[in-house]
Amino acid sequence: MALTGVEIFKMLPKTNCKKCGQPTCLAFAMKLAQRQVSLDQCPDVSEEAKQKLGEASAPPIRPTVLGSGELAVKMGEETVLFRHEKKFVNPCAIAVKISDTASEADASKVIDDVLSSEIDRVGQKLRINALFLSNDSGDGAKLEALAKLASTKAPAVAAIISTTSPDAADAALKHYSGKNAVLYGANKDNLEAMAGKAKAHKATLGIAATGLDELCDLTEKAKGFGVADMVIDSGARRAGEILRDNTYIRRSAVKKNFKPLGYPVITFAGRDDSMLESLIAVLGIAKYASIVVLNSAERWKNLALFSLRQNIYTDPQVPMQVQQNIYKIGEPGPKSPFLITTNFSLTYFIVSGEVENSKVPCRLAVLDSEGLSVLTAWAAGKFTASKIAQFIKESGIETELETKELIIPGYVAILSGSIEDKLEGWKITVGPREANGLPAFLKARA
Amino acid sequence: MPFTPPKESYNGKTFELTIGQGDKAVTVGGENVLAFHAFEGSVPREPAVAFEVQDMPPDDWPETVAEVFKNVSSGPVTWAKYCQDSLGAGIIALRLVSTHPDRGDASADQAAETVRKVLAAINVPLIVLGSNHAEKDAAVLVKVAEVLKGTNSLLGKAQESNYKTIVAAAMANDLKLIAMSELDINLSKQLNILIGQMGFDKEKLVTDPMSSALSYGLEYTYSVMERIKLAALAQNDATLQAPMLADVGMFVWKVKETQAAEADLPAWGSLRERGIEWEAVTATSFLIAGADILIMRHPEAIGAVKKFIADMEVK
């Protein structure tokens, strides 16, 4: 069970020495209970307390790295069940399966698709994170050939080697030594040998169980064999099973600090029907998977799943912000309307969406208002005449416009006079109060 | 090692709500656990999906979804019948777009006549939606409600600025009602309370916490829905126990991802699949968050979402 701040406090030196960066030992204990600091920041803690607190203060889901180098991703470390409570920390990795029964040409094509899967979304580079190399043939030589091909063509992309044969695992993992690969397929029959191979190649061990009882059993035994890093599969494949098992696993780890299930979860979304597969992946992304394995990676599907992952993993306590800039919608010319709004992402999405609806090409100035919506920003002094005037002047936009006219949101009509005072030679027009009035407003001007 | 599943049980449950009549009536709600959590409580029924139909040709819908209806969308009756008879729609959601002052400004009487014709042509439950112009909706929905009397249809949407007239009309004609507020659990709760204070039965209400599209605010709708569901169950808050609606299609089919040609953005892949996927992924996310009724446009997106619901095996 997780310890409370007071329970932790009792084990600390109580010297209030501030060496940990906190004002008091109690403050440090409270932060420790919320897992916002780590115990080793206290230089004077006793060995006994370290041992007692070590287990309790470790993250409920073990931090684990998949892959190496720039494209490596972190897994685990989650602390909540619902994203409104606190940010989901490490975005779920997406992997694509390649069977070792596929021809070299077919396998190469999937590898190329993965290599070219990178998409830039709202300033983040998103991509397929791993290849799932599956020993469907049962032939170790074929798996090794596939591992060799993948590691040669895509050396920076992480691999999950899937086999139940320790010998096949050994041969394939040689191509991924030191690259934080996952060896998936440890079960009740091969556990000790697979644990040995994972340790030998410094790979994460992927446990393939048939139910949660067996899963707990296997992770405890693997730990006994000296394996620290694991990813876990309860055997769930249908959507209902995935939701049930992933929910039980996350609750056990986070609410009960139950160590046998405190590992990142691997969820198999694979279906012959690609769109259904993507919806099973939606479930995995929303409900607690750290790796989702797909059968195919079409670009339309990647775009949707990357976007969802980004949405689910944004910090709910920090309003999502759009960068201050003047954005072009359509292909505006010198006579096109010029509007301004705030940089709260939802405001931006709604306003730009309605401008797009209008089919009237426009320029949209987005002022940094610290992520507040129009009325809130105005009330908080973040969307004022002087800030607007300064932004417009410094942007140099007037050289691109035939008439110096700025359309402001209807809710801040009160600002029109003072902006005109501060922006010499500009005409300020008051637009609609709600974004959904924009299409009619813009069409009427066109 | 025997594992004890950490089940959660809650004091509250959501209200059951039936729309339509006879053997085509559809009931949603009634669960005492989070969405699809049949493994630890009672999920008596699956969520429902309504097909969106408009009272004017869908001239602002992208090609991917407009072309599906090109032979039937010249009138709402043929369009609705096509959804019911050929696409297997279990619910029709008729949106009175043409009543919007910017989209033709059709009168309340014209709208009522449209609703009367559609009602006569179909036998599945009907949802009737205004044009989302608060002032005009109040005038239109009052007339529409009279036509809907005795059909147990779902009327919407009542918002903070127009709810009084619409609630009175729904009460007078014994209809179910959608209450919509903008992405805030407290606003949803407040509107439901205000509507209750007028004497409207809270068990006849549907909450629309406002939808959004994937990549365009989805996470806000998602989290508001999760919070409403948790308040309904864990806090047994009767003001938030109404089934939830996600009006998905209208948000999805206007974003760039459902419109931009593959030639312009090759990294985004096939436009057709991308559009359908956008609607299906958005809808599925809201189902996971707790939506009970979806309003959608593309039959293939609806088909994919129904397969997903079946995969959940709550029955």
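Keep in mind the model is a prediction, meaning the values are calculated, not measured. To find a chain, count down the sequence lines: A is the first, B the second, and so on, and within it residues start at 1.
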Portion of Ile242(A) that has a non-hydrogen atom of chain B nearer than 4.5 angstrom: neither
Proximal component of Glu262(B), with respect to chain A [non-hydrogen, under 4.5 Å]: neither
Segment of Trp278(B) engaging chain A (4.5 angstrom heavy-atom cut-off): side chain
Under-4.0 Å salt bridge between Arg95(B) and Asp247(B): yes
Choice from Ala283(B), Ala301(B), Ser285(B), Ala289(B) maximising heavy atom contacts with chain A below 4.5 Å: Ser285(B)
Other residues, nucleotides, ligands: >12 heavy atoms within 6.0 Å of Glu135(B) CD: no
Partner chain B: residue of Ser352(A), Ser116(A), Gly240(A), Ser274(A) with the largest heavy-atom pair count (under 4.5 Å): Gly240(A)
Option that, when pairs with chain B are counted at under 4.5 Å, heavy atom only, ranks first among Leu305(A), Leu243(A), Asp273(A): Leu243(A)
Which of Ala267(B), Gly217(B), Gly269(B) touches chain A most, by non-hydrogen pairs under 4.5 Å: Ala267(B)
Among the listed options Glu434(A), Lys287(A), Glu298(A), Glu118(A), the residue most often paired with chain B at heavy-atom distances under 4.5 Å: Lys287(A)
Interface residue of largest heavy-atom contact number with chain A, from Gly275(B), Pro6(B), Ser212(B), under 4.5 Å: Pro6(B)
Lys301(A), part contacting chain B, at a heavy-atom distance under 4.5 Å: both
Engaged part of Phe36(B) at the chain A interface, taking heavy atoms whose separation is under 4.5 Å: both
Lys87(A) atom NZ, over 12 foreign heavy atoms within 6.0 Å: yes
Segment of Leu183(B) engaging chain A (4.5 angstrom heavy-atom cut-off): side chain
Engaged part of Leu230(B) at the chain A interface, taking heavy atoms whose separation is under 4.5 Å: side chain
Ion pair Asp60(B)/Arg103(B), N-O distance below 4.0 Å: yes
Test salt bridge (Lys or Arg N to Asp or Glu O under 4.0 Å) applied to Asp137(B) - qualifying residues, sequence neighbours left out: none
Crowding at NZ, Lys306(B) (>12 non-hydrogen neighbours, <6.0 Å): yes
Ionic contact status for Glu313(B) with Arg238(A), cut-off 4.0 Å: yes
Options Ser252(A), Gly353(A), Gly211(A), ranked by heavy-atom pairs under 4.5 Å with chain B, top entry: Ser252(A)
Under 4.5 Å from a heavy atom of chain A, the part of Ile309(B) involved: neither
Any donor-acceptor pair under 3.5 Å from Glu277(A) side chain to Ser296(A) backbone: yes
Largest heavy-atom contact set with chain A, pairs under 4.5 Å, which of Glu257(B), Glu300(B), Glu8(B): Glu8(B)
Glu241(A) versus chain B, the contacting section by heavy-atom distance below 4.5 Å: neither
Crowding at CD, Glu160(B) (>12 non-hydrogen neighbours, <6.0 Å): no
Heavy atoms of other groups near Asp59(B) CG, more than 12 under 6.0 Å: yes
Interface moiety of Ala35(B) toward chain A, non-hydrogen atoms closer than 4.5 Å: backbone
Choice from Pro439(A), Ala444(A), Ala239(A) maximising heavy atom contacts with chain B below 4.5 Å: Ala239(A)
Pairs touching residues 274-294 of chain B that satisfy salt bridge (Lys or Arg N to Asp or Glu O under 4.0 Å), sequence neighbours left out: Lys229(B)-Asp292(B)
Region of Asn302(A) that comes under 4.5 Å of a non-hydrogen atom in chain B: neither
Contact winner vs chain B - Leu218(A), Leu276(A), Ile350(A), heavy-atom pairs under 4.5 Å: Leu276(A)
Note: Asp113(A)-Lys109(A) ion pair, threshold 4.0 Å (strictly below): yes
Plane angle bin for Tyr327(A) and Tyr348(A) - parallel if under 30°, tilted between 30 and 60°, otherwise perpendicular: tilted
